[in-house]
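Down below is the structure, laid out as structure tokens.
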Amino acid sequence: MKTKSLFITIAVLMLACQSKKDIDQTNDNFDTTIMDLSLAEALPACSPPPVHTTVKFVPPVIKDNAMEETATTGSTKSTLFKNKKIIKDGNMSIKVKNIELAKKRMDVIVKTFNAYYENESFINNDEQLSYDLKIRVPSKQFESFLLESEKGDGEIIQKNINARDVTEDYVDGETRLNSKRVFRNRYNELLNKAGKVDDILAIEENIRALQEEIESQEGHLKFLDDQVMYSTLEINLFTEKEITKTPQVEESFFQRFKSSVSNGWNLFVNAILWCITQWTWIVLFLVFVVWVRWYLKRRNK
């Protein structure tokens with residue numbers, strides 16, 4: 001009976017110790033959790049820094065054909081048919097009676113149509129007086145300017161007018177320009193993400209090459225816009241000079257005889273002077289003749 005009571009008492013004590021141990025462990029875990037939360041609230045700035053990922057740079061391949069097929073949309077095709085880009089130019093030669101009046105009249109026409117002289121030159125030679133004029137005319141007023149220039153007292157000797165459609169070239173240029181701008185933006189995005197020096201230098205080199213191509217394409221489009229907006233007309237105004245011919249008078253017999261005597265005397269004087277210039281050879285010839293005669297005489301003796 002006593003032994004049974006002793007076992008029961010030992011079991012109760014073991015259960016009591018185990019319960020206390022579990023309670024102490026729970027309290028320790030709770031205290032640790034509270035301490036971690038307190039430290040997190042007290043030190044919010046000590047959070048670990050974000051991991052910076054490096055982007056491996058691979059230059060994209062830019063193909064003109066692919067860019068054109070991608071960038072050519074319905075609006076571009078509509079522009080191709082609706083907004084035509086036509087370059088008009090020509091040249092004309094006009095013969096006038098009074099060159100100064102014709103030039104003043106041309107100055108008035110240029111001012112009236114808001115045109116301007118790109119080049120102006122004046123030529124005065126033995127046969128004619130002429131003005132070579134290179135005029136830039138607003139394309140919308142080109143036909144009217146041409147008709148007004150043909151009026152007047154002058155005679156049109158030569159006329160040539162050309163019209164070139166550069167719409168396709170202009171649209172292709174815009175398509176290439178837009179595509180290159182898109183790729184430049186992509187390179188800029190890659191530049192912001194690149195982390196290696198080699199990648200940064202490679203991207204910057206591609207951006208520089210693209211920027212040069214973009215500026216060249218923009219210059220070409222501006223040139224086409226200028227040629228379309230202002231037409232070019234070259235005009236040559238000229239007048240021929242009156243050349244007076246002096247009639248040939250037939251000489252009389254006495255004049256011809258006098259000329260013949262004079263020419264003969266001149267020939268004789270020239271022959272004498274030529275002989276004088278050859279005096280060295282004459283002296284050598286005389287010395288040779290004297291030596292030959294002396295040699296022959298001596299031989300005979």
Side-chain angles (χ1 to χ4, degrees), residues 64 76 78-181 210-243:
D64 292 339
T76 305
S78 62
T79 305
L80 179 63
F81 293 100
K82 293 182 180 179
N83 300 327
K84 288 287 186 180
K85 300 289 184 180
I86 307 296
I87 296 178
K88 296 180 180 179
D89 52 20
N91 55 78
M92 186 166 52
S93 180
I94 304 176
K95 181 181 180 181
V96 296
K97 296 180 180 179
N98 192 322
I99 189 69
E100 296 300 330
L101 291 178
K103 177 59 171 59
K104 291 180 180 179
R105 181 176 179 275
M106 187 59 62
D107 293 340
V108 174
I109 297 175
V110 168
K111 186 176 180 181
T112 302
F113 287 90
N114 295 323
Y116 65 92
Y117 291 117
E118 183 175 333
N119 189 19
E120 176 182 349
S121 61
F122 175 73
I123 300 175
N124 184 4
N125 53 31
D126 296 335
E127 297 180 356
Q128 63 181 14
L129 298 171
S130 65
Y131 277 100
D132 289 328
L133 308 174
K134 188 175 182 179
I135 308 171
R136 300 299 305 279
V137 187
S139 58
K140 295 181 179 180
Q141 300 179 356
F142 181 75
E143 301 295 337
S144 302
F145 184 91
L146 190 61
L147 292 175
E148 190 66 25
S149 301
E150 294 175 354
K151 297 180 181 179
D153 299 332
E155 179 185 359
I156 298 177
I157 305 300
Q158 181 264 344
K159 177 182 176 182
N160 184 23
I161 305 298
N162 299 317
R164 293 176 291 146
D165 189 353
V166 296
T167 308
E168 184 176 357
D169 186 18
Y170 192 88
V171 173
D172 289 343
E174 281 189 332
T175 303
R176 294 174 184 270
L177 180 61
N178 294 331
S179 300
K180 293 181 188 297
R181 286 173 177 170
L210 273 177
Q211 185 64 32
E212 291 180 356
E213 295 177 3
I214 288 172
E215 292 176 357
S216 176
Q217 196 68 41
E218 288 176 348
H220 179 64
L221 293 180
K222 288 180 180 179
F223 173 76
L224 290 180
D225 284 332
D226 179 71
Q227 294 295 312
V228 171
M229 188 177 301
Y230 279 86
S231 301
T232 303
L233 180 63
E234 296 181 4
I235 297 180
N236 173 251
L237 299 175
F238 72 95
T239 181
E240 296 180 351
K241 292 182 178 180
E242 295 181 0
I243 302 175

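Keep in mind the model is a prediction, meaning the values are calculated, not measured.
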From [X] [atom1] over to [Y] [atom2], what is the distance, rounded to the nearest 0.5 angstrom?
X: Asn236; Y: Ser130; atom1: CG; atom2: OG; answer: 5.5 Å
X: Glu143; Y: Ser231; atom1: CD; atom2: OG; answer: 8.5 Å
X: Asn124; Y: Tyr131; atom1: CG; atom2: OH; answer: 10.0 Å
X: Phe113; Y: Ile135; atom1: CZ; atom2: CD1; answer: 11.5 Å
X: Phe238; Y: Ser93; atom1: CZ; atom2: OG; answer: 4.5 Å
X: Leu177; Y: Ser216; atom1: CG; atom2: OG; answer: 10.0 Å

Electrostatic pair Glu168-Lys85, nearest N-O below 4.0 angstrom: no

Note: Arg181-Glu218 ion pair, threshold 4.0 Å (strictly below): yes

Is the shortest heavy-atom distance from the side chain of [X] to the side chain of [Y] under 4.5 Å?
X: Ile123; Y: Leu129; value: no
X: Ile86; Y: Arg164; value: no
X: Ile235; Y: Ser149; value: yes
X: Glu213; Y: Leu210; value: yes

Expected output: side-chain Asp226 to main-chain Lys222 donor-acceptor under 3.5 Å: no

Looking at every heavy atom in both [X] and [Y], which two are closest together, and how far apart are they?
X: Gln227; Y: Thr232; result: OE1-OG1, 4.3 Å
X: Gln141; Y: Val137; result: O-CG1, 4.1 Å
X: Leu233; Y: Phe145; result: CD2-CE2, 3.7 Å

Quick one: side chains of residues 94-106, donor-acceptor pairs under 3.5 Å with protein atoms, not counting sequence neighbours, listed by atom name and distance.
unit_1: Asn98; atom_1: OD1; unit_2: Glu100; atom_2: N; d: 3.1
unit_1: Asn98; atom_1: OD1; unit_2: Leu101; atom_2: N; d: 3.3
unit_1: Lys103; atom_1: NZ; unit_2: Asp107; atom_2: OD1; d: 2.8
unit_1: Lys103; atom_1: NZ; unit_2: Asp107; atom_2: OD2; d: 3.2
unit_1: Lys103; atom_1: NZ; unit_2: Glu120; atom_2: OE2; d: 3.1
unit_1: Arg105; atom_1: NH1; unit_2: Lys151; atom_2: O; d: 3.1
unit_1: Arg105; atom_1: NH2; unit_2: Glu148; atom_2: O; d: 3.1
unit_1: Arg105; atom_1: NH2; unit_2: Lys151; atom_2: O; d: 3.1

Set of residues satisfying salt bridge (charged side-chain N to carboxylate O under 4.0 Å, His left out) with respect to Asp132, sequence neighbours excluded: none

Side chain to side chain contact (heavy atoms under 4.5 Å, CB included) assessment of Lys159 paired with Asn91: CA-CA 6 Å; Lys159 177 182 176 182; Asn91 55 78; over 6 Å; no

Residue pair His220, Leu224: steps toward the side chain to side chain contact (heavy atoms under 4.5 Å, CB included) verdict: CA-CA 6 Å; His220 179 64; Leu224 290 180; 3.6 Å; yes

Steps toward side chain to side chain contact (heavy atoms under 4.5 Å, CB included) verdict (Met92, Glu150): CA-CA 9 Å; Met92 186 166 52; Glu150 294 175 354; 4.0 Å; yes

Tyr116 vs Tyr230, side chain to side chain contact (heavy atoms under 4.5 Å, CB included): CA-CA, chis, key distance, verdict: CA-CA 10 Å; Tyr116 65 92; Tyr230 279 86; 4.1 Å; yes

